[in-house]
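All remarks here apply to the structure that follows.
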Amino acid sequence: MKLYHISLNSLLRRKARMFFLLAGLLIAVSTVVLLMSIGQTMNEDIANKLDEYGANILIVPRSDELSLSYGGMAVSGVSFDVTPLLQDDVAKIREIKNRDNIKIVSPKLLNVADVQQKKVMVVGVHFNEEITLKKWWSIIGDVPEKEDEALIGVDVKRKLQLGLGQIVLINGTPFRVSGILNESGSQDDQLVFIDLERAQRLFNKGSEISLIEVAALCYDCPIEDIVAQASDKLPGARVTAIQQTIKSKMKSIHQFERFSLGISVVILFVAILIVFTTMSASVNERKKEIGIFRAMGYRQSHIIRIILQEAFLLSTLAGLAGYFLGVSVSGYAGSWIGADQVNVHIDSTIMALSLLISVVIGLGASFYPAIKAARLDPTVSLQSL
Amino acid sequence: MSLIQVMKLVKTYHSGGETVRAVDGVSLGIEIGEFVAITGTSGSGKSTLLTMLGGLNEPASGRISVDEIDIYRLSVEQRADFRKEYIGFVFQAFHLLPYLNVLENVMIPLAISRLSAAAKKEKAMLLLEKVGLHDKALRLPNELSGGEQERVAIARALVNDPPIILADEPTGNLDSATSGIVMELFSRLNKEGQTVVMVTHDEQNLSYATRQINLKDGRLSGGCRVAAV
Ligand SMILES: Nc1ncnc2c1ncn2[C@@H]1O[C@H](COP(=O)(O)OP(=O)(O)O)[C@@H](O)[C@H]1O
Ligand SMILES: [Mg+2]
């Protein structure tokens with residue numbers, strides 16, 4: 001028989017009280033695990049959906065003048081004489097160090113043209129890239145496949161009274177409207193999209209490009225790095241990271257993480273109180289027993305060990321059980337917070353962390369009661385009986 | 001020199017602004033192999049003296065040395081080691097732990113020793129045999145009669161082979177027939193050389209003792225009677 005034998009037996013004996021302590025710690029640990037898992041799921045979810053948020057880097061020719069604006073960004077050099085971007089520059093972006101993070105490169109040529117006697121901005125794009133970039137686009141009809149087909153924004157359709165399949169003259173050249181872009185609320189509604197190479201020929205621009213939109217899927221590396229790398233490759237261009245929905249989404253995740261941290265601190269504090277009161281009450285209940293141990297020659301340190309061992313056993317149990325409870329509950333919580341895919345997996349780091357939290361609280365909050373127990377006057381404890 | 005040497009021992013308690021001199025200047029010596037009965041009316045200081053002898057209760061002044069160790073000069077932890085080494089306590093209320101079986105209760109003092117598990121068990125079984133309870137080793141205390149529980153407590157007090165047994169009214173909760181059995185056990189142990197100091201107010205028990213010390217208001221009173229053996 002050893003001291004842990006005494007601890008274990010005494011725990012089994014005082015099931016009701018210890019259940020209270022166990023439940024308190026377990027609920028605390030599982031809630032913290034739940035909050036951590038939700039935060040993690042949200043992060044993973046956003047990482048998975050990164051490509052749905054469109055371009056996050058804009059490359060335009062370098063210029064001091066501001067002329068046109070696209071997507072809220074000033075685009076210079078569209079109608080002024082600056083060194084334009086060329087088709088070759090598009091390939092260079094694929095050569096940067098973080099090239100694996102570059103998901104989509106979509107070059108564009110912007111030009112104001114006469115469309116049915118009205119001035120409309122015509123954009124030359126590579127349609128296959130553009131539609132992957134703009135996942136939110138909803139198109140009535142078809143994406144242009146032939147060079148003489150055009151996709152028009154809903155505002156253009158209204159203003160020019162156009163319909164699907166109709167022929168429209170752009171600077172005198174006929175194009176067939178193969179698709180109409182549904183209301184997107186963006187500038188795209190006022191644009192006419194045609195094939196990039198066709199646009200270059202139509203406007204006599206050679207291999208010129210007005211701007212390049214890039215979608216870099218970099219969840220944990222700073223977008224600024226990619227911007228810097230692209231700037232190095234394209235010294236004549238201005239490379240900018242653009243604000244977009246993902247940032248606000250990230251911000252709300254950070255807010256959630258701060259919120260969970262606050263809640264966790266409160267919960268863990270309550271857990272400390274529960275352990276402390278339970279352990280103190282338990283020590284009070286066991287005064288006589290502690291007196292017996294002391295009379296039998298147990299040192300104060302032995303008493304402390306007995307009590308801390310009990311706390312250790314309970315908090316280990318609570319840490320493990322709390323982890324698994326938290327993980328299983330987070331499986332349900334994931335869909336509740338609107339994450340598409342919830343990966344309920346055993347994460348050894350979180351498991352170790354919840355064990356650690358539980359044991360630190362269990363031992364920490366039992367320390368003072370254990371010392372109090374060790375310092376009890378054994379004669380007083382034994383006297384009354 | 002005596003095994004236990006008590007010099008001018010004083011213990012005071014303060015309660016409600018009053019100071020009680022529970023033990024008031026006691027000096028005495030106890031030799032190896034004695035069976036000392038401490039008698040006196042309730043509140044005369046018997047229990048206080050006994051716990052002080054066992055290194056469990058610090059005196060206000062005076063000195064106790066056991067085996068020439070001045071025990072209240074030891075640190076708290078050293079004094080715990082002293083108790084483990086020298087003292088076996090037996091209480092009136094048995095004080096067995098309800099969640100441990102009889103064998104485990106006897107092994108409590110061994111839980112902090114370095115003996116092997118097998119040696120601990122063997123030792124405890126040996127003592128259970130000595131008190132005639134080896135067949136009840138796996139019972140829980142509440143399944144035993146009062147006399148049996150007291151015998152378990154005696155086995156527990158002996159398991160570390162302490163030179164001194166201190167018993168505080170060990171028969172106080174027992175009927176006279178059972179008391180007789182328990183006293184026979186103490187007497188037998190004493191005849192085997194065990195030093196016993198026992199607080200009792202039961203006249204019946206005095207016949208087993210080799211010496212009686214009577215306390216009155218914390219002081220020794222009357223002569224010391226040595227039992228005719
Ligand atoms: N812890 C204590 N606090 C206050 N007074 C005490 C304490 N222990 C004993 N006393 C007092 O000391 C005196 C002696 O008590 P005790 O040694 O228990 O006597 P006995 O064992 O002979 O009945 C009594 O008056 C008792 O009230
Ligand atoms: Mg008493």
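Because only heavy atoms are used, hydrogens play no part in the values below, and waters and symmetry mates are left out as well, while side chains stay in. The chains referred to below are lettered A, B, ... by the order of the sequence lines, with proteins before strands, and numbering in each begins at 1.
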Atom pairs and distances, donor-acceptor, side-chain atoms in residues 129-144 of chain B, under 3.5 Å, two or more places apart:
from, atom 1, to, atom 2, distance (Å)
B:Lys130, NZ, B:Glu192, OE1, 3.2
B:Lys136, NZ, B:Glu148, OE2, 2.6
B:Glu143, OE1, B:Leu140, N, 2.9

Could you look at [X] and say if it's the side chain, the backbone, both or neither that has a heavy atom under 4.5 Å from chain A?
X: B:Phe91; result: side chain
X: B:Leu97; result: side chain
X: B:Pro162; result: neither

Please work out which of the three classes, parallel, tilted or perpendicular, describes the rings of B:Phe82 and B:Tyr86, given edges at 30° and 60°.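 Taking B:Phe82 first and then B:Tyr86, their aromatic rings lie parallel (interplane angle under 30°).
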Can you tell me which of A:Arg13, A:Lys2, A:Gln300, A:Arg299 forms the most heavy-atom pairs within a distance under 4.5 Å of chain B?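 So the answer, after comparing A:Arg13, A:Lys2, A:Gln300, A:Arg299, is A:Arg299.
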Keeping the roles fixed (side chain from [X], backbone from [Y]), state whether a donor-acceptor pair exists under 3.5 Å.
X: A:Gln309; Y: A:Ile306; result: no
X: B:Arg79; Y: B:Leu74; result: yes
X: A:Ser358; Y: A:Ser354; result: no
X: B:Asn190; Y: B:Phe186; result: no
X: B:Ser116; Y: B:Ala119; result: yes
X: A:Tyr368; Y: A:Phe276; result: no

Checking [X] against chain B: side chain, backbone, both or neither under 4.5 Å from a heavy atom?
X: A:Ile292; answer: side chain
X: A:Arg305; answer: neither
X: A:Tyr4; answer: neither
X: A:Arg375; answer: neither

For residues 43-60 of chain B, give me every residue with a non-hydrogen atom less than 4.5 Å from any non-hydrogen atom of chain A.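 Answer by number: B:Thr51, B:Leu56, B:Asn57.
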Please determine which of B:Leu96, B:Leu128, B:Val159 meets the side chain to side chain contact (heavy atoms under 4.5 Å, CB included) test together with B:Asn105.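 Only one of B:Leu96, B:Leu128, B:Val159 forms a side chain to side chain contact (heavy atoms under 4.5 Å, CB included) with B:Asn105, namely B:Leu96.
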Applying the side chain to side chain donor-acceptor pair (under 3.5 Å) test to B:Gln92, which of B:Thr200, B:Asn173, B:Asp168 qualifies?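 The residue from B:Thr200, B:Asn173, B:Asp168 that satisfies side chain to side chain donor-acceptor pair (under 3.5 Å) with B:Gln92 turns out to be B:Asn173.
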